[in-house]
Amino acid sequence: MYRISVVVPVYNEEGNVSGLHKEIKEVCESQGYEYEIIFINDGSRDRTDEICRTLRPLKYICMRRNFGQTAAMDAGIKAAKYDYIVTMDGDRQNDPADIPAMLEYLVENGLDVVSGWRKNRKDTFMKRFVSRGANFLRGILVKDGIHDSGCSLKIYKKECFNGVNLYGEQHRFIPALLKIKGFRVGEVVVNHRPRTQGTTKYNWHRTVKGFVDMISVWFWNKYATRPLHILGGFGIMGLLMGFWCGIWSVLLFMLGYKMSNNIIPVILTVFFIIIGLLMFILGLMSEIMIKTYYGVHVDTPYSVKETVEL
């Protein structure tokens, strides 16, 4: 018998939370799971809070204000108590009926993470266009082997999140972050339903934040434990360019050019040497900061108002 925690961040989803809770409950009970349903109200301004408090069974987490989907998901994951953690959106576009097949796939293949792939998406053209562009860039930078990182329907083993804190829009890149740590990641095609209640929360702000976080994941994957490799490399490059500009200046002086006509090579020499030294020093400081990061507790960037067992 599987024990699962279903984590669902919700924000202004008064028209969806009741139906979604019913669907999750029916799937879990039909499969004989020992389960808990965790809804995280991320500062909703409609009747989401009122409706959630009528649902049974439910672990209900209420944030003090709107901190974003990643923060809400992090709070829910930290509150989960069972062996497998299922994450999904609160807009009912993810189908809870996909959970059993995903869970079986994870167990049968010895995986740590299974991500949903919305192969036939029911979104607007613009949303699909932006998503495909983001997936293309992610395939180049992150290389996590996932076709659809934006799909919130995922299943994780609970130990995946030991010592993990999520920030920004990083919920899209959880499989990539876990793959960096050595966890095994797989993917299953899932059903995707059109939104029938409420309005989408995606906009260009989230797209930009997601791209910035993608760069962060790329850097973390390549240089998280060795920042001196990239910063020191740039520093050495700057010093070499300064060295060649210095030789250029000396040759011009030996050929009889006056200093007033030889000012540009001199300026470039000083500039590149200073930049090279600064980059190398920054790399050394980053090495120290990384060691400090791994040795101290990282605070969470959000605040939970209350957690209620209903």
Side-chain angles (χ1 to χ4, degrees), residues 2 4-9 16 19-20 22-28 30-33 35 37 69-70 73 77 83-158 160-161 169-180 183-197 200-202 206-207 210 214 217:
Y2 297 124
I4 71 171
S5 300
V6 184
V7 175
V8 186
N16 291 312
L20 179 59
K22 180 181 178 182
E23 286 186 305
I24 296 172
K25 181 179 177 182
E26 289 175 349
V27 168
C28 291
S30 68
Q31 296 294 319
Y33 298 151
Y35 71 97
I37 303 174
Q69 186 176 0
T70 299
M73 193 171 288
I77 288 170
D83 305 327
Y84 300 99
I85 298 175
V86 181
T87 62
M88 61 193 311
D89 282 331
D91 55 12
R92 297 188 72 182
Q93 289 192 264
N94 295 142
D95 190 348
D98 288 316
I99 293 174
M102 295 178 68
L103 186 54
E104 291 295 336
Y105 185 81
L106 182 145
V107 174
E108 290 175 0
N109 292 276
L111 301 174
D112 302 298
V113 183
V114 170
S115 179
W117 176 12
R118 300 166 295 179
K119 199 170 184 178
N120 299 305
R121 295 186 61 168
K122 307 298 181 182
D123 289 322
T124 63
F125 169 78
M126 183 55 66
K127 191 172 179 180
R128 283 183 281 123
F129 176 77
V130 172
S131 178
R132 287 177 181 175
N135 284 333
F136 175 76
L137 289 174
R138 181 182 48 75
I140 296 174
L141 297 176
V142 180
K143 298 179 181 179
D144 56 5
I146 299 299
H147 291 87
D148 183 13
S149 65
C151 180
S152 293
L153 181 56
K154 295 179 173 70
I155 300 182
Y156 308 88
K157 288 183 178 178
K158 192 176 189 303
C160 290
F161 294 101
E169 295 291 321
Q170 287 185 347
H171 66 276
R172 297 185 179 95
F173 308 111
I174 296 176
L177 293 169
L178 295 178
K179 194 169 184 178
I180 292 170
F183 291 99
R184 297 187 63 196
V185 179
E187 190 174 45
V188 170
V189 175
V190 296
N191 183 32
H192 190 239
R193 306 181 291 190
R195 176 186 272 274
T196 58
Q197 299 285 339
T200 182
K201 311 305 185 297
Y202 291 92
R206 295 190 66 175
T207 301
M214 187 189 304
V217 172

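In what follows, residues are counted from 1 in the order of the sequence shown.
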Search all heavy atoms of [X] against all heavy atoms of [Y] and return the closest pair with its distance.
X      : Y      : answer
Leu20  : Pro96  : CD1-CG, 4.0 Å
Met102 : Leu153 : CE-O, 3.6 Å
Leu178 : Cys160 : CD2-O, 3.2 Å
Lys154 : Gly116 : CG-N, 4.3 Å
Gln69  : Ser152 : NE2-OG, 3.4 Å
Met73  : Ile174 : SD-CD1, 4.3 Å

Exercise for the section: Test side-chain contact (heavy atoms from CB on, under 4.5 Å) on Val8 and Val86 and set out the steps. Expected result: CA-CA 8 Å; Val8 186; Val86 181; over 6 Å; no
Any donor-acceptor pair under 3.5 Å linking the side chain of [X] with the backbone of [Y]?
X      : Y      : value
Asn94  : Asp89  : yes
Arg118 : Val190 : no
Asp91  : Asn16  : no

With a 4.5 Å cut-off on side-chain heavy atoms, are [Y] and [X] touching?
X      : Y      : value
Cys151 : Asp148 : yes
Ile85  : Val7   : yes
Tyr156 : Leu106 : no
Asp83  : Ile4   : no

Problem - ring pair (Phe, Tyr, Trp, His ring centres under 6.0 Å) partners of Tyr84, counting only residues at least two apart - result: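 So Tyr84 forms a ring pair (Phe, Tyr, Trp, His ring centres under 6.0 Å) with Tyr2.
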Exercise for the section: Using the test ring pair (Phe, Tyr, Trp, His ring centres under 6.0 Å), find all partners of Phe183 that sit at least two apart in sequence or belong to another chain. Expected result: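 Phe183: no ring pair (Phe, Tyr, Trp, His ring centres under 6.0 Å) contacts found.
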Problem - Ion pair check, Glu23 and Arg193, cut-off under 4.0 Å - result: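 A salt bridge is present here (some side-chain N lies under 4.0 Å from a carboxylate O).
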Exercise for the section: For the pair Asp112 and Arg184, find out whether any cationic side-chain nitrogen is under 4.0 Å from an anionic carboxylate oxygen. Expected result: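 Salt bridge flag = no for Arg184 with Asp112.
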Handout entry: Of all pairs that satisfy ring-ring contact (aromatic ring centres under 6.0 Å, His included), the ones with a partner from residues 97-117, not counting sequence neighbours
Key =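 Those involving residues 97-117 are Trp117-His147.
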Problem - CD1 on Ile37 to NZ on Lys22, rounded to 0.5 Å - result: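 One gets 13.0 Å once the value is rounded to the nearest 0.5 Å.
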